K.L.:
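Mind having a look at this structure? Questions to follow.
None of these values were measured; they are calculated from a predicted model. Throughout, a chain's letter reflects where its sequence line sits, starting with A, and its residues are numbered from 1.
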Amino acid sequence: MSQVTWEESRLRNATWEYGSKNKRQRSHDYKFVFEDPHRQLDFIKTSVINGDKMLQKERKTLPIYHYREQVLRAVQENQVVVIVGETGSGKTTQIPQYLHEAGYTKHGKVGCTQPRRVAAISVAARVSREMGVKLGHEVGYSIRFEDCTSEKTVLKYMTDGMVLREMLSDPKLESYSVLMVDEAHERTLSTDILLGIFKDLVRLRSDLKLLISSATLDAEKFSTYFNFAPILRVPGRRYPVEIHYTKAPESNYIDAAIVTTLEIHATQASGDILVFLTGQEEIETVEEILKERIRKLGTKIGELIVCPVYANLPTELQAKIFVPTPDGARKVVLATNIAETLLTIDGIKYVVDSGYSKMKWYNPKTGMESLLVYPISKASAMQRAGRSGRTGPGKCFRLYTINSYQEDMEDNTVPEIQRTNLANVILILKNLGIDDLLNFDFLDSPPQELLRKALELLYALGALNQVGELTKVGRQMAEFPLDPMLSKMIVASDKFKCSNEIITIAALLSVGNSVFYRPKNKKFLADNARMNFYQGDSGDHIALLNVYNSWKENDYSKQWCYDNFIQFRSMKHARDIRDQLTCLVERVGIELTSSLCNLEAMKKAIISGFLLHTARLQKNGSYWTVKHPQKVHVHPSSGLAQVPKRWVIYHELVLTTKEYMRQVTELKPEWLFEIAPHYYMLKDVEDLRKKMPRVAGRPWLKT
DNA sequence: GAGCACTGC
């Protein structure tokens, strides 16, 4: 499929974006709920996902116990084995122990990768208890900012991203005899890169054993990918779940979710409800309406405890979902995708599935990211339904028809590697000596346009040379767990003697969340507090630096954050990243230097990394990007939103209601020639309407 | 004059 049709199909599938038009329409729809409180939805019960029979008989033992010998034989006879173990099979805790008992740890470690930090920690803790050893001794874990292993460690649980970092110093992972890639079906970016690397690695290391653990649906795919590796199936522990679909398509899933929740509450046996929605705003709306409706119904209906949960909700409030429901009451948890895999809530008997979630898409043509409300996949729908059958038989109410499930939904969620900026992925792979990326055997190949865009960027940053090999700068950059533009900014800061300031800015920019807190009812106060960090119109990057340094002067205080409308959680995270970067900077031979008063030096370092992210003011007040010209605007949250500057550099482009530049700083155009003479010529500045000169010679792009 | 799915290094 060509790039254009690929993207168009993505956009067609998306239902709507954030936008004022949409909001009006939706709030109008909400009214409907109040006007017609007796509206009901027609559901059709179609199918039951079967539970496992073993459950009733052998509740006390893990299913995997019966497969010990089979697992060991499969591993002995094959280099690669795919294990299908449903939730609750015990594969993650038991298989590494079996391998240890069978002697696989005599000449190397058994490593087990997890997509998430908490999973790595909790599984390691559990296994160390089972083996009666201290955590960090024979059994340990390794995650970012925390290495809980020792020389004794033979069973090591770690995040998949951590393995990639380990490969910087041990490219063939020679300290391991077995690697188990757990939850491979989740297809995180790191898992996909690992699988690609491992496919090569098993050829180079015939002594290495590889286990891929996946869900049922993807097992064949993994098996085929690894030259038809055998598949071993281990049953899980699951209760049956009844699936109900709506009879007719629902145009408004928010309304439908509310009605369905109330119907379950009024007519179904006790048991808590989990409702899958797409975001915070939606959850707050549904919460409000549900509470209002319940209040109006008064004593006609039992108590309904409404608990919202999403990642940005403070941890204290998130904890509310785990409080057991009192007798006679019912709990309804309104959740984002966070409850699909990350949080497991006991006592859920009913699931209401909107059929949508938010997904981030990166458009390589424009370099813009957007968050779209997007239909979930069948795999995702199964996972959601399964959340109702953890502690007893469950029911799942899907707010879509069986026809749209069967015909419209994709089998699997589009893997992250096909919809994200790949610059960092390329840098990692190049650093591991994988050069021919356009022909690299990915489990699912990213669109060529994504690869090409990433290669182009790395070339512009000087990380790759004319023939596509990693340069010295590129190798330095690869050490940093950051977007390559941020890494380049740090590497360049050496020359401008401001590495100390630049790593602070890089740490803050790489924290996903905004550090500025802006509660709905205190927007004015929050905006005022924010402006205190801007001296004159020095720009958003410097403002971030000011925030961090003020926080530091106030002993990293939580209270200071509250007083200044700063997110404490984000700041702590930035501090951890900053500490890590400080170590790495020394490792790659960059001196820690400070020039706090030299704004020009800092801006030049920033330009070195973000040389492609420049924009120029137009007569009509909007901006035009310099490379790959397109119209963009300064984001209203920027300190420069009210102060037009002729030339700016921006951190990122996001497409929401408009094309916005986020994190903007002014620059002098002559700095561009000084810093990037290979990329900027006088012509670029003089006349933007002329076609941009192309950089000559990128032979590795020829296909 | 904004619009904040979710991980991870």
Side-chain angles (χ1 to χ4, degrees), chain A residues 14 16-23 113-120 142-147 158-168 183 186-194 276-284 309-313 335-343 354 356-361 369-374 376 380 413 416 419-420 424-425 427-428 478-484 486-487 507 510-520 523-524 526-527 530 567 570 573 576-577 580-581 584 633-638 641-642 654-658 660-662:
Chain A
W16 47 266
E17 291 165 31
Y18 273 105
S20 50
K21 213 192 278 171
N22 225 301
K23 244 181 231 167
T113 74
Q114 295 293 320
R116 284 172 294 278
R117 297 160 53 91
V118 272
S142 173
I143 56 175
R144 190 181 188 182
F145 310 130
E146 207 184 337
D147 181 8
M158 53 201 160
T159 42
D160 42 22
M162 205 61 205
V163 185
L164 287 172
R165 299 234 64 89
E166 260 189 37
M167 292 187 87
L168 286 176
E183 316 286 356
E186 285 193 26
R187 305 290 308 275
T188 67
L189 190 58
S190 303
T191 304
D192 270 22
I193 304 168
L194 274 186
F276 283 100
L277 297 164
T278 71
Q280 177 178 348
E281 193 191 344
E282 241 171 60
I283 287 172
E284 284 169 355
V309 63
Y310 43 87
N312 261 344
L313 195 72
T336 58
N337 247 7
I338 196 169
E340 198 175 295
T341 48
L342 196 71
L343 293 181
S354 64
Y356 289 94
S357 70
K358 276 187 191 167
M359 216 189 249
K360 208 185 209 170
W361 290 88
E369 285 184 331
S370 43
L371 201 56
L372 301 173
V373 172
Y374 199 80
I376 61 168
S380 220
T413 309
E416 202 182 350
R419 53 186 167 87
T420 198
N424 203 25
V425 174
L427 198 58
I428 291 170
E479 291 281 334
F480 296 99
L482 297 171
D483 180 286
L486 290 171
S487 308
S510 72
V511 170
N513 276 333
S514 167
V515 297
F516 296 108
Y517 175 56
R518 198 165 181 263
K520 257 187 206 155
K523 282 182 184 169
F524 182 74
D527 289 349
R530 188 160 49 95
Q567 303 258 19
S570 304
H573 189 207
D576 285 339
I577 296 173
Q580 189 189 25
L581 295 179
L584 291 171
H633 310 267
V634 177
H635 196 276
S637 68
S638 165
Q642 309 299 331
V654 291
L655 176 64
T656 53
T657 49
K658 270 186 189 170
Y660 282 116
M661 301 182 277
R662 266 204 207 133

K.L.:
Want to settle it: does A/R518 or A/P481 sit nearer the 5' end of DNA chain B, counting the closest nucleotide to each?
P.N.:
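Its nearest nucleotide lies further toward 5', so the answer is A/R518.
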
K.L.:
If you check every side-chain atom of A/R662, which of B/dT7, B/dA2, B/dC4 has the closest atom?
P.N.:
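It is B/dC4.
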
K.L.:
How is A/T188 classified with respect to the nucleic acid when contacts are heavy atoms under 4.0 Å: base, sugar-phosphate, or nothing?
P.N.:
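No contact.
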
K.L.:
Measure from the side-chain heavy atoms of A/L371 and tell me the nearest of B/dG1, B/dC9, B/dC4.
P.N.:
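Among the listed nucleotides, the one closest to the side chain of A/L371 is B/dC4.
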
K.L.:
Choosing from B/dC9, B/dT7, B/dG3, which nucleotide comes nearest the side chain of A/L342?
P.N.:
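When the side chain of A/L342 is considered, B/dT7 is the closest of B/dC9, B/dT7, B/dG3.
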
K.L.:
Figure out the OH/P separation between A/Y356 and B/dC6, and round it to whole Å.
P.N.:
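Going from OH in A/Y356 over to P in B/dC6 covers 19 Å.
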
K.L.:
Of the candidate nucleotides B/dC9, B/dC6, B/dA2, which contains the atom at the shortest distance from the side chain of A/A311?
P.N.:
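Nearest to the side chain of A/A311 among the choices is B/dC6.
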
K.L.:
Which nucleotide, B/dC6, B/dA2, B/dG8, lies nearest any side-chain atom of A/R117?
P.N.:
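Taking heavy atoms from C-beta onward, the closest nucleotide is B/dG8.
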
K.L.:
Counting only side-chain N and O atoms of A/T159, is one of them less than 4.0 Å from OP1 or OP2 of B/dC9?
P.N.:
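For B/dC9, OP1/OP2 do have a side-chain N/O of A/T159 under 4.0 Å.
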
K.L.:
For the CZ atom on A/F145, are there more than 12 heavy atoms of other groups (residues, nucleotides or ligands in this structure) within a distance under 6.0 Å?
P.N.:
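Yes, because the 6.0 Å sphere around CZ of A/F145 holds more than 12 heavy atoms from other groups.
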
K.L.:
Round to a whole Å and report the spacing from CZ of A/R530 to C1' of B/dA2.
P.N.:
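Distance, rounded to whole Å: 10 Å.
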
K.L.:
Please determine, for the side chain of A/M162, which listed nucleotide (B/dC4, B/dT7, B/dC9) has the closest atom?
P.N.:
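Taking heavy atoms from C-beta onward, the closest nucleotide is B/dC9.
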
K.L.:
Are A/T191 and A/T113 close enough that some pair of their side-chain heavy atoms sits under 4.5 Å apart?
P.N.:
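Side-chain contact under 4.5 Å: no.
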
K.L.:
How many Å lie between CG on A/N312 and C1' on B/dT7, as a whole number?
P.N.:
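So the two atoms are 13 Å apart, to the nearest Å.
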
K.L.:
Given atom CZ of A/F516 and atom C1' of B/dG3, what is their separation to the nearest angstrom?
P.N.:
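Result: 17 Å.
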
K.L.:
For A/I577, which contact category applies under a 4.0 Å heavy-atom criterion: base, sugar-phosphate, or nothing?
P.N.:
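Nothing: the residue A/I577, judged by heavy atoms under 4.0 Å, touches no strand.
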
K.L.:
Rounding to a whole Å, what distance do you find between A/R187:CZ and B/dA5:C1'?
P.N.:
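So the two atoms are 19 Å apart, to the nearest Å.
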
K.L.:
B/dG3 phosphate, OP1 or OP2: any side-chain N/O from A/H635 under 4.0 angstrom?
P.N.:
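Checking A/H635 against B/dG3: at least one side-chain N or O falls below 4.0 Å of OP1 or OP2.
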
K.L.:
Just do the side chain to side chain donor-acceptor pair (under 3.5 Å) check on A/T420 and A/E416 with the steps written out, would you?
P.N.:
CA-CA 6 Å; A/T420 198; A/E416 202 182 350; 4.7 Å; no

K.L.:
Does a side-chain N or O from A/T656 land closer than 4.0 Å to OP1 or OP2 of B/dG3, or not?
P.N.:
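Indeed, a polar side-chain atom of A/T656 lies that close.
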
K.L.:
Check whether any side-chain nitrogen or oxygen of A/S637 sits under 4.0 Å from OP1 or OP2 of B/dA2, and answer yes or no.
P.N.:
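Looking at the OP1 and OP2 atoms of B/dA2, neither is under 4.0 Å from any side-chain N or O of A/S637.
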
K.L.:
Using whole Å, report how far CE of A/M167 lies from P of B/dC9.
P.N.:
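The answer, rounded to whole Å, is 17 Å.
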
K.L.:
Where the side chain of A/R116 is defined as all heavy atoms beyond and including C-beta, which of B/dA5, B/dT7, B/dC9 is the nearest nucleotide?
P.N.:
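Selected nucleotide: B/dT7.
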
K.L.:
Are A/L581 and A/L482 side-chain neighbours, meaning at least one heavy-atom pair lies under 4.5 Å?
P.N.:
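SC-SC contact between A/L581 and A/L482 confirmed.
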
K.L.:
Classify the nucleic acid contact of A/D527 as base, sugar-phosphate or nothing, counting any heavy atom under 4.0 Å across all strands shown.
P.N.:
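Base, at least one base atom sits under 4.0 Å.
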
K.L.:
Give a yes or no on this: more than 12 heavy atoms of other residues, nucleotides or ligands lie within 6.0 Å of atom OH of A/Y517.
P.N.:
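No, OH of A/Y517 has 12 or fewer neighbouring heavy atoms, counting only those of other groups under 6.0 Å.
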
K.L.:
Which of these nucleotides, B/dT7, B/dG1, B/dC9, is closest to any side-chain atom of A/R144?
P.N.:
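It is B/dC9.
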
K.L.:
Looking for any heavy atom pair under 4.0 Å, which part of the strands does A/Y310 touch: base, sugar-phosphate only, or nothing?
P.N.:
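Counting heavy atoms under 4.0 Å across all strands, the contact made by A/Y310 is with sugar-phosphate only.
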
K.L.:
Between A/E186 and A/R116, does any NZ, NE, NH1 or NH2 come within less than 4.0 Å of an OD or OE carboxylate oxygen?
P.N.:
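Counted as a salt bridge, because a side-chain N and a carboxylate O are separated by less than 4.0 Å.
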
K.L.:
A/M158 has an atom CE; how far is it from atom P of B/dC9, in whole Å?
P.N.:
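Distance check: A/M158 CE to B/dC9 P gives 12 Å.
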
K.L.:
Any side-chain N or O of A/T336 less than 4.0 Å from the OP1 or OP2 oxygen of B/dC6?
P.N.:
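Yes, within the criterion.
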
K.L.:
Rounded to whole Å, how long is the line connecting atom CG of A/N513 with atom P of B/dC4?
P.N.:
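Rounded to whole Å, this separation is 12 Å.
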
